[in-house]
Amino acid sequence: MGKEKNPQQVEKKKENISVLEMIRKRTGLLVGIVGLALVIFILESLLSSGPSIFGGDDMMSVGKMNGVKIDRNDFAYRIEQQMNQIRQQRQNNDIDDQTRAQIVEFVWNQYINDLVIKPEFAKLGISVSEDEIYDRVVANPGQSIAQRLIDQKTGKIYEQLANANGDLDPLKWKQFVQNASGDQEGFIKDLEEGIRNSRQLEKYSALIRKGIYVTDAEAKEAIKVASTKFDVNYVMKRYDAVSDSAYQVADSDIEKYYKENSHEFRSYEASRKIEYVAFNVMPSPEDLIAIEKNAQEIASNFKGKTLAEDSAIMMSESENGNVSFKNLTKETMIIRDTTIYTDPVGTVYGPYNEGAYFKIYKLVGKSVIADSARVRHILIGTVDMATQQVKRTPEQAKKQADSLLTLIKEKKAVFDTLVKTVSDDGGSIDKGGDYGWFGEDKGFVEPFKNAGLLGKKGDISVVETQFGYHIIEVLEVSPTKHESFKVAEIFKLISPSEETNDKIFATANEFGGKNNTAALFDKAVEEQKLTKRVADNIKEGDRQLPGIEQAKELVKWVYTANKGDVQIFSLTDKHIVAKLSNIVSKGILPLEDVKDEITDKARQKKKAEAFAAEFKSAGANDLNALASKLNIDVRKSEQIPASSHGFDGFHDDVMMGVLSAMKQGQTSKVVEGEVGVFVVQLSNLIAGDNKVEPKFKRMEMEQEIGGRSDYEVMVVLKEMAEIEDHKSRLD
């Protein structure tokens, strides 16, 4: 996918950029082929890090899919290829972190497509004929093809390929395809491959959906459940009614539960857990004094300067070189000193300590302006808005604007006609140069706004802005006015000095050096009463963690370190000492990692058995007698939907399942539920008057299942492929 050539023979490179090259710039490499994009969309939330295997040949791979290792060098080569193409399109070598991350994901998903998705197509014999490709790409190009042929500057199909309505002209497109050569052929093949993948995926999804079948019996049961309600009486002894300390759990109980229910403790992806102490880098009192002194010097220097000098000072002194002017009213005023309403222009206010910044303000202008106005304009631009190329010099633009103004005033030219034939503002041509009513808060440039808000109806003048020269006619001005205060701002960040940062780092480094084992770390945190933070479920590809934005190096460490290791990390706003507290590998979790959870479950199992024995020993024939012997209440609940998962504020699918199998008036046996041990009586079965035909319910259920099938099939394919994701090894 290199640079594409123009569909016409090109000799003037800059004047006639190739359609295909412009297509590339519009769509971007990262959009990828159409079919792959669909696959990526389905799989995006499914991709996750697998277990990390370091050492030996595994360091030469960045993952595994369907038993195939992904070679690190091959993966890096593909990434570099994509980045080179991006550099060619941008005509520079700058690739930011976000773009690189997108490229890495794009390449990774190419492997997903090749190693996980396409093999399924091959197994089922899914193919796409050349006639299908031709029909969808050339004969009857759909929206997916048209989107690849849009000029990003105009938002429309390229002129060479468009009809009179601006839509893709099938005949022009067909001629372009027939005459394509070289890189143009490569672009067409990319489109064909995209359609091939898209059609294969469509056929695959259709096969899955065709295999979905809901029986009439299932539909009838669903109708019944949706319309049925229960009135119940029940006796329940909840597990939380008795303290856990009353039931001791032996190691043998824990091991037995784990052995019988190990499937409940499966991890589908590797993760890590850390505990850490943060040493935040905050400005010291000395830093605050120094910053305030500097702000006072700036405030003093801000006085008595021209507007141009003000901008230079703001650019030099304000955070990130920000030059900020605000037009404020008495209602929106941000300066705490109310004398601003009577002070002369040029008065400086502050510095004020406003949290993260010392702020300095200067009153640079006062005026009484209309609340709103409406104008129309003709723009004689200095820059082509589409290409950003210089169109004319400011002198040429002003001369032309002045000439047109004279023609308008002498009634030798009509304003509306000039808007359509001369104006360079494409956004307002269809509106006669009129953007409608606007106020001071409208996002127009200030000279443009002021022409209306400070003018009067009928005024017509030439106004200069950053876009060129405007011929502006004031159409209407509101009768109501207000005072406007133009205020300049300088923000001085209250940040720690390098000396302060060094001192805090030294403290963190000393703590980490002295407490470099898990036992020493835990002991020191407790003795020094430090706040211990936790970051759990860390994946190998994570780059941010809660409270830790720059986590790349930390994450790389946790996937190479041993459990209990301690390390220090320096970030922009803090230094942290972290302990790797747990390692979770893909598969059945070790007993020691889930021992606390299993202990709770084993204890609940003991409670359930004991409570059930109490119920049975009570030997009562009805709920009231049973409740009396057990010294608990008979509870009543009405109008419980059969489709619910519980009632009376608790969730218990076991009880709902028992009720669904009971007849009216029937009382259950003693049952160990999710919340407690119970006996329930179905006092009234309320069958709704649901007249839904089973065939319609069946169609509804099949449609609902079909809507989930693409996602759920991909979940299964991922599990079967046993994807291991170690892309972070490239960093």
Side-chain angles (χ1 to χ4, degrees), residues 214-215 217-242 244 247 256-268 588-589 594 596-616 623 626-627 630 632-688 690 697 700-701 704-705 707-708 711-712 715-716:
V214 175
T215 66
E218 290 174 307
K220 289 176 181 178
E221 181 63 20
I223 294 169
K224 176 183 174 184
V225 170
S227 60
T228 300
K229 294 183 180 179
F230 304 135
D231 289 344
V232 304
N233 300 312
Y234 67 97
V235 174
M236 174 185 282
K237 185 169 183 179
R238 295 177 61 119
Y239 301 130
D240 57 12
V242 179
D244 288 347
Y247 292 86
K256 179 183 178 183
Y257 190 95
Y258 177 73
K259 183 177 181 180
E260 294 175 352
N261 302 278
S262 59
H263 61 279
E264 296 180 10
F265 307 102
R266 174 182 291 276
S267 172
Y268 291 95
I588 301 296
L589 299 175
V594 291
D596 290 343
E597 184 180 353
I598 291 177
T599 300
D600 291 339
K601 289 179 177 290
R603 181 178 286 110
Q604 180 170 302
K605 180 65 177 173
K606 277 201 165 188
K607 285 186 180 182
E609 292 170 350
F611 292 178
E614 289 179 35
F615 272 63
K616 291 173 183 176
L623 293 183
L626 179 61
L630 294 173
I632 52 180
D633 297 328
V634 176
R635 295 185 175 274
K636 182 177 182 180
S637 191
E638 299 178 336
Q639 299 285 314
I640 304 168
S643 58
S644 64
H645 294 277
F647 53 90
D648 287 355
F650 63 81
H651 181 293
D652 199 319
D653 283 328
V654 174
M655 181 179 282
M656 295 307 300
V658 169
L659 286 169
S660 67
M662 292 173 65
K663 296 179 180 179
Q664 183 168 310
Q666 186 177 358
T667 301
S668 74
K669 297 179 179 180
V670 177
V671 181
E672 298 175 10
E674 294 181 48
V675 176
V677 174
F678 64 86
V679 174
V680 63
Q681 180 187 67
L682 181 57
S683 59
N684 189 25
L685 179 64
I686 308 164
N690 196 319
K697 185 64 177 178
E700 177 189 328
M701 293 173 69
E704 180 184 352
I705 297 169
R708 303 193 310 265
Y711 171 82
E712 292 179 351
V715 171
V716 173

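All values reported here derive from a predicted model rather than from experimental measurement.
Taking NZ of K605 as the reference point, atom CD1 of I598 lies at 15.0 Å (rounded to 0.5 Å). Distance CG/D652 to CZ/F647: 8.0 Å, rounded to 0.5 Å. To the nearest 0.5 Å, the span separating NZ on K224 from OG on S643 amounts to 13.5 Å. Once rounded to the nearest 0.5 Å, the distance linking OH of Y234 with CD1 of I632 reads 10.5 Å. With rounding to the nearest 0.5 angstrom, the CD1 atom of I640 is 6.0 Å from the CE atom of M656. With rounding to the nearest 0.5 angstrom, the NE2 atom of H645 is 5.5 Å from the CG atom of D653.
Remark: the backbone N or O of D231 is paired with a side-chain donor or acceptor of S683 at under 3.5 angstrom. Panel note: side chain N261, backbone E264; no donor-acceptor pair is recorded below 3.5 Å. A side-chain donor-acceptor contact under 3.5 Å links Q664 to the backbone of L685. Distance alone, capped at 3.5 Å, is enough to place a donor-acceptor pair between the E218 side chain and the T215 backbone. Listed for the K607 side chain is a donor-acceptor partner under 3.5 Å among the backbone atoms of V242. Not a single donor-acceptor pair under 3.5 Å links the side chain of Y247 to the backbone N or O of A610. Judged by distance alone, the side chain of Q681 and the main-chain N or O of S668 form no donor-acceptor pair under 3.5 Å.
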- Message: Please determine whether side-chain contact (heavy atoms from CB on, under 4.5 Å) holds for the pair V679 and L623, giving the CA-CA distance in whole Å, both sets of side-chain angles, and the decisive distance to 0.1 Å.
- Response: CA-CA 8 Å; V679 174; L623 293 183; 3.7 Å; yes

- Might you work through the side-chain contact (heavy atoms from CB on, under 4.5 Å) test for V214 and I705, ending with a clear yes or no? CA-CA 9 Å; V214 175; I705 297 169; 4.0 Å; yes

- Given side-chain contact (heavy atoms from CB on, under 4.5 Å), test L626 with F615 step by step and report yes or no. CA-CA 7 Å; L626 179 61; F615 272 63; 3.9 Å; yes

- Message: What verdict does the side-chain contact (heavy atoms from CB on, under 4.5 Å) test give for R603 and Y239, after you've listed the backbone C-alpha separation in whole Å, the side-chain angles of each residue and the deciding distance to 0.1 Å?
- Response: CA-CA 10 Å; R603 181 178 286 110; Y239 301 130; over 6 Å; no

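The shortest distance between side-chain heavy atoms of V680 and T667 does not fall below 4.5 Å. Contact check for Y258 versus L589: no side-chain heavy atoms found under the 4.5 Å cut-off. Using a 4.5 Å heavy-atom threshold, the side chains of V675 and H651 count as separate.
A salt bridge does not link E614 to K616: none of the charged nitrogens lies less than 4.0 Å from a carboxylate oxygen. For K697 and E700, the salt-bridge test passes: some basic side-chain N is under 4.0 Å from an acidic carboxylate O.
Tested against F678 for a side-chain contact (heavy atoms from CB on, under 4.5 Å), the candidates R238, E672, R635, M655 yield a single pass: M655.
Taking all atoms of both residues into account, the shortest heavy-atom contact from A627 to V235 is CB-CG2, 4.0 Å.
More than 12 heavy atoms of other shown residues, nucleotides or ligands fall within 6.0 angstrom of atom NZ in K237.
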